[in-house]
Amino acid sequence: MALGFRRSAREDTRDSNKGHSAPTGARPDRSAVLGEVEELGIGMFWATDAEDKLTFLSQRALADLGVEADTLIGSPVVKLFQDVEDEHATTAQRNLAFKLRARSKLDEQIVQVTTARGHTRWWRINGRPLLDAQGNFQGYRGSAVDISAQYAYETQVARQSQVDELTGLANRRKLKERLTAMLAAFRVSQRSCALMMLDLDRFKQVNDTMGHPAGDELLKQVASRLQSIVKDAGEVGRLGGDEFQVLLPDMDDRGALGELANRIVQSISQPYQINGRRAIIGTSVGIAIAPYDGVEADELTRAADMALYSAKETRSGIFCFFTSELRDAASKTAKIGDRLRDAVDKGDLRLAYQPLVNPETNEVKCFEALLRWHDEEEGNISPAHFIPIAENDDLIIKLGEMALRQACTDAMAWPETVRVAVNVSAKQFVRPGFKKTVAGALEASGLPPQRLELEITESVFVGDLESVDAIFRDMKKLGVRLALDDFGTGYSSLGYLKHGHFDKIKIDQSFVRGCTENGDINPAIIAAIVALAKALGMETVAEGVEAMDELQLVRERGADLVQGYIFSKPMTQDEVIARFEGENAEFKPSGPPRHRSERITIFRKVGLIHEDHYYDVILRNLSKTGARINGLAGVPVGTDVVLDLGHGQLVVSKVVNATENSQGLKFETNLISDGTGGFMTRHRISPYSLAEAGIPLAALGAGAFPLAKWREANKSVPKFIQLELSAPGL
Ligand code: C2E
Ligand code: MG
Ligand code: MG
């Protein structure tokens, strides 16, 4: 029906063509060419007279509109061409009538036309006013292209904007679409894709104290820093508020991702200039990788979110990779929070004291107070774990005040030459009323202020720096000493040191531990920090010294004081007092001659693959370079095995020493740090490989790697004796 209608319209047009011939002087062959151009769908043509009445409309145009020529010819052109009725149309697109009246050129003007059936279509028209020899206006001659499909798409895109207006980055919708499309495509091509989730620390503080325009400006600067780091490696977007996301196709190297996350954190944490004022914020990063941690966009996003939550709230790390254990981390945190509150109320928390010793004289100069909590259910919980939980609410204020009072009181029982150092959380330090707390603790104990040292980390330099400066001045007025703790781990801006706020810098353990290994650049960093500190009149402390070779190195590099297991582990107040009462007030170094690769003591069931048999074993300790396992008997030294640490982490290893039921393994490739004190493999075996081996991808679930299933399918003859894992003594 439509086809027949079209044909008749076309025939009509041919007729009308005769009646309304093309512009004066046009030769017939030209109009044939135009006809062909039209047939090819490249364009349509139109003409008006001096009264703006339509005098010509080419065949194709009439066909598209489904109208007869004589219904339009002779009627005002604005009846055919109408301004676009769309909120997204620009004003330039809205004043066709005006332009016609002004006899201006029509340049790529988008107009709306209505077909005989009442459908709206969009044409892009061009037109030129035609003047006679005397300069009198004769009418328009023009062309038109139907752009309906493109226009509908573009307006839809405009409507569902893909861009975050403030920063110009991709917005939430675009990121979601990209991630969904990418994951779908990557499933087919078996590629990986990492998702980083970022959330700014203390952004709200800047927004509240410096105003919303300053907050907006800060977000823009954050966006451009992020982009300059990520560059072409991925797509950066803002989800809204202070949340950002980075999509990184073809990234599954957790070593490289950790480094990138670190660089992002470092860059975001550098000071910002906003309307002449300085502001600093921090950020945490959660990382999830497809297909290991999820194969759908929602799944992967949730995994990255959980990792971010963990990086922020439950661990002190700045970035965190998703692991399936994180799923219950949130509820565990809440539980620990409740128990901690109880423990604080009941006064169950204790302080331990670790000496800071002059390595030349072995004389103790100071003790650092460290909180200790023994929970009946969970055992000893590290302050590195519970302090961030306490920081989630006001508990840290109570806890901090308690520690401060107790430490000052305890120090009164020590010789007058020995100071006490108390850790102060950034949240506690910047709270109004902190000055009063410190003054109160000094007064209640009678401790002279110069014997009290407050250890704070770089994370206090966050938000509006003028108010932070004011707190420092308050502390100086009180006469207490200030130490910058964990130097080198956070933002490491030397600017903080130059302000002269600090009496002491504590070089973080991560520079000290293993600094004697060949090719390590840390000795140079230690030397540089010491030199800088000396130049600025500050004392230096090397933290975490465990081995004799490390002690020698930090002494040579000029560290004034040493704190670490080499002199003493944290001790009770009674032990401290006993020391001073006894003969051996001096602390002599004692420890292993050389640094050994850090071992984490664990007790975890893992898998061990030898030839095609899968064994259950217990992991007793783990370091970057090797592990010790229990649970098998009769494994000869030199055996090649693969350790299955779970979640696709397979480590090719060799048995390097063995007792009857325990073996030491050396890894072919070192593990890397997971950002929160543990180790992990750089790469994981892809679930695609497992799928190829017969385990369907859908059955895997996020983060699940049922290699045990593989074992079920491979019931081969074991070479070694599998011991009962629950048996005591393993
Ligand atoms: P920090 O202030 O850097 O304290 C030093 C940490 O290193 C302590 O861990 C200490 O036991 C440990 N350490 C010292 N020497 C060695 C060594 O040779 N080898 C090893 N492996 N570790 C060594 P701890 O007690 O677990 O405390 C962890 C962190 O918890 C502290 O780090 C501090 O940031 C925080 N913290 C502890 N007590 C308090 C407190 O009362 N208030 C606040 N806000 N934070 C606290
Ligand atoms: Mg400390
Ligand atoms: Mg420290």
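Starting from 1, each residue takes its place in the sequence as its number. Start at 1 and go down the list; that is how both ligands and their atoms are numbered.
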One residue to check: [X]. Relative to ligand 1, which of side chain, backbone, both or neither has a non-hydrogen atom less than 4.0 Å away?
X    : value
A352 : neither
N423 : both
S382 : side chain
T457 : neither

**Request:** Find, among atoms of D485 that are N, O or S, the one nearest to the Mg ion (ligand 2), and state its name.
**Result:** OD2
**Prompt:** Tell me, which N, O or S atom in E368 is closest to the Mg ion (ligand 2)?
**Reply:** OE2
**Prompt:** Please walk me through it: do R339 and D348 pass salt bridge (charged side-chain N to carboxylate O under 4.0 Å, His left out)?
**Reply:** CA-CA 11 Å; R339 300 180 72 87; D348 279 354; over 6 Å; no
**Message:** Which of the numbered atoms in ligand 1 are under 4.0 angstrom from any heavy atom belonging to E543?
**Reply:** 3 (O), 5 (C)
**Request:** Using a strict 4.0 Å cut-off to heavy atoms of V545, name the atoms of ligand 1 that fall inside it.
**Result:** 18 (O)
In plain terms, say whether [X] and [Y] are close enough for a salt bridge, that is, a side-chain N and a carboxylate O under 4.0 Å apart.
X    : Y    : result
D503 : K476 : yes
K335 : E377 : yes
E550 : R513 : no

**Message:** For the CD atom on E556, are there more than 12 heavy atoms of other groups (residues, nucleotides or ligands in this structure) within a distance under 6.0 Å?
**Reply:** yes
Please state which option from [options] has its nearest heavy atom closest to [atom].
atom                    : options                : answer
atom 23 (C) of ligand 1 : Y565, F567, F429       : Y565
atom 26 (O) of ligand 1 : P570, G400, P383       : P383
atom 20 (C) of ligand 1 : E368, E546, Q428       : E546
atom 13 (N) of ligand 1 : Q406, K427, Q509, Q563 : Q509

**Item:** Test salt bridge (charged side-chain N to carboxylate O under 4.0 Å, His left out) applied to K506 and E455, E453, E539, the passing residue
**Value:** E455
If the contact criterion is a heavy-atom separation under 4.0 Å, does [X] count as touching ligand 1?
X    : answer
A384 : yes
K569 : no
R513 : yes

**Prompt:** How about D508: does one of its N, O or S atoms come closer than 2.8 Å to the Mg ion (ligand 3)?
**Reply:** no
**Item:** E455 near the Mg ion (ligand 3) via N/O/S, less than 2.8 Å
**Value:** no
**Prompt:** Just how far is it from atom CG of L484 to atom CZ of F502, taken to the nearest 0.5 Å?
**Reply:** 4.5 Å
**Prompt:** Is there at least one pair of N or O atoms, one from L371 and one from ligand 1, spaced under 3.5 Å apart?
**Reply:** yes
**Asked** If the Mg ion (ligand 3) is the vertex, what is the angle to OE2 of E543 and OD1 of D486, rounded to 10 degrees?
**Response** 90°
**Asked** Between S510 and D508, does any side-chain donor sit less than 3.5 Å from a side-chain acceptor?
**Response** yes
